[in-house]
Amino acid sequence: MTASTRRVLIADDHPVVRAGLRALLEGAPDLDVIAEAGSGEEAVRLALELSPDVVLMDLRFAGTKSGIDGIEAIRRLTAQAPGMPVVMLTSYSGRADVVRALEAGARGYVLKAGPPEDLFRAVRSAAEGGLGLAAEVVGDLVGQVVSPAPELTQREREVVRLMADGHSNRSIAQALYLSEATVKTHLVRIYRKLGVDNRAAAVSEAVRRGLLELT
């Protein structure tokens, strides 16, 4: 290992994925995997112990209902080890996930389905104090700035409010005197406008945009 080698910690809940990433990264002359973590908690602990140059973090860890996800792991690292670069490596490219990761302190966001060059570039850029984003992520964020998603209609806000209160599609339909099919149509439009793919993310993004206030 040379003085210019970047020391990488891999955090992913799938052993096969970690093995593949290790083989890929260690195939580059300037990258060295120093440890692997299978959960968000373990990633934080190892990162604080080993002080890697870059932490390659999964967004979601399966089978850890009582544990923390990649976003919370980044928040904890940012609080306890300011300046430690973390690159999010995930299958999820929704704008809300990207924004949450960057707001938490991530220095990069790369898609697992993307080319290896994106991963190498993000790791090297983060290690040098820069920001490494996959081309698809940059295009999506720029598109949102140039052509922002339309605001939610009053009816869509009502649907989001009821979702935030824990209502099912059926109870939302009953509360708003709509059919369940109509509620599903509203959900599709809400998800598209907010750039998300599930109910929890829709509520979170609506709150972040100031479209919904939780009481």
Side-chain angles (χ1 to χ4, degrees), residues 11-14 16-17 37-44 57-76 78-79 86 88-106 109-114 134 136-137 139-141 143-145 147-215:
D12 193 287
D13 58 313
H14 295 290
V16 173
V17 172
S39 69
E41 293 90 344
E42 187 179 19
V44 173
M57 184 80 71
D58 194 10
L59 177 62
R60 302 174 186 176
F61 293 90
T64 55
K65 294 182 179 179
S66 61
I68 62 174
D69 64 5
I71 300 295
E72 179 58 26
I74 292 175
R75 291 195 184 101
R76 294 188 185 185
T78 299
V86 180
M88 189 69 75
L89 178 64
T90 177
S91 302
Y92 304 94
S93 60
R95 177 179 176 275
D97 288 327
V98 178
V99 171
R100 287 174 61 232
L102 296 180
E103 288 180 342
Y109 198 103
V110 185
L111 303 181
K112 290 181 179 179
E136 299 96 323
V137 173
D140 183 58
L141 291 177
Q144 290 290 338
V145 173
S147 180
E151 293 293 324
L152 300 182
T153 65
Q154 182 59 39
R155 177 64 81 190
E156 289 166 349
R157 292 190 187 209
E158 292 172 347
V159 172
V160 174
R161 160 56 64 188
L162 290 170
M163 280 199 300
D165 290 338
H167 289 269
S168 65
N169 287 359
R170 176 173 296 181
S171 61
I172 291 174
Q174 292 173 343
L176 300 179
Y177 301 100
L178 302 172
S179 68
E180 285 190 58
T182 300
V183 171
K184 291 179 181 178
T185 298
H186 282 308
L187 289 177
V188 170
R189 292 172 180 169
I190 290 167
Y191 291 173
R192 184 177 66 247
K193 289 181 178 182
L194 297 181
V196 300
D197 59 7
N198 61 72
R199 300 166 82 91
V203 172
S204 176
E205 180 67 3
V207 172
R208 191 191 72 80
R209 292 193 188 193
L211 303 175
L212 175 67
E213 291 185 4
L214 297 180
T215 56

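We're numbering straight along the sequence, starting at 1. For the numbers below, each heavy atom of this structure counts, side chains included, while hydrogens, waters and symmetry mates do not.
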Checklist entry - Going through the checks in order, is the side chain to side chain contact (heavy atoms under 4.5 Å, CB included) test met by D97 and R60? => result CA-CA 11 Å; D97 288 327; R60 302 174 186 176; 3.3 Å; yes

Item to check | Counterpart residues, side chain to side chain contact (heavy atoms under 4.5 Å, CB included), relative to A101 (two or more places apart) | outcome: I71, M88, A106, Y109

Next on the checklist: Is the shortest side-chain heavy-atom distance between R199 and V203 below 4.5 Å?
Outcome noted: no

Next on the checklist: Consider side-chain contact (heavy atoms from CB on, under 4.5 Å). Of T153, L176, L178, which one does E158 pass it with?
Outcome noted: L176

Next on the checklist: So which atom in T78 and which in G105 form the shortest heavy-atom distance, rounded to 0.1 Å?
Outcome noted: OG1-CA, 3.9 Å

Checklist outcome for this item: Sorted by chain and residue number, the side chain to side chain donor-acceptor pair (under 3.5 Å) partners of H167 (sequence neighbours excluded) come out as S171

Next on the checklist: Restricting to side chain to side chain donor-acceptor pair (under 3.5 Å), what partner residues turn up for T182, sequence neighbours left out?
Outcome noted: S179

Next on the checklist: For K184, give me all partners under side chain to side chain contact (heavy atoms under 4.5 Å, CB included), at least two apart in sequence or on another chain.
Outcome noted: N169

Item to check | Main-chain N/O of G38 paired to E42 side chain as donor or acceptor, under 3.5 Å | outcome: yes

Next on the checklist: I'd like to know if the side chain of S91 and the backbone of L111 have a donor-acceptor N/O pair within less than 3.5 Å.
Outcome noted: no

Checklist entry - Minimum heavy-atom separation for A43 to A11, with atom names? => result CB-CB, 3.6 Å

Checklist entry - Taking Y191 for the side chain and A201 for the main chain, is one N or O donor matched with an acceptor at less than 3.5 Å? => result no

Item to check | Nearest-0.5 Å distance that lies between atom CG in L152 and atom CD in E205 | outcome: 9.5 Å

Checklist entry - Do R100 and D69 sit within salt-bridge range, that is, some charged N less than 4.0 Å from a carboxylate O? => result yes

Next on the checklist: Rounded to the nearest 0.5 Å, what separates atom CD1 in I74 from atom CE in M57?
Outcome noted: 5.5 Å

Item to check | Distance (rounded to the nearest 0.5 Å) between K112 NZ and L89 CG | outcome: 6.0 Å

Checklist outcome for this item: The reported gap from CD1 in I172 to CG in L187 (rounded to nearest 0.5 angstrom) is 6.0 Å

Checklist entry - Does R189 have any side chain to side chain contact (heavy atoms under 4.5 Å, CB included) partners at least two apart in sequence or in another chain, and if so, which? => result E156, T185, R192

Item to check | Within residues 166-177 or reaching into it, pairs that qualify as salt bridge (Lys or Arg N to Asp or Glu O under 4.0 Å) - sequence neighbours excluded | outcome: R170-E180

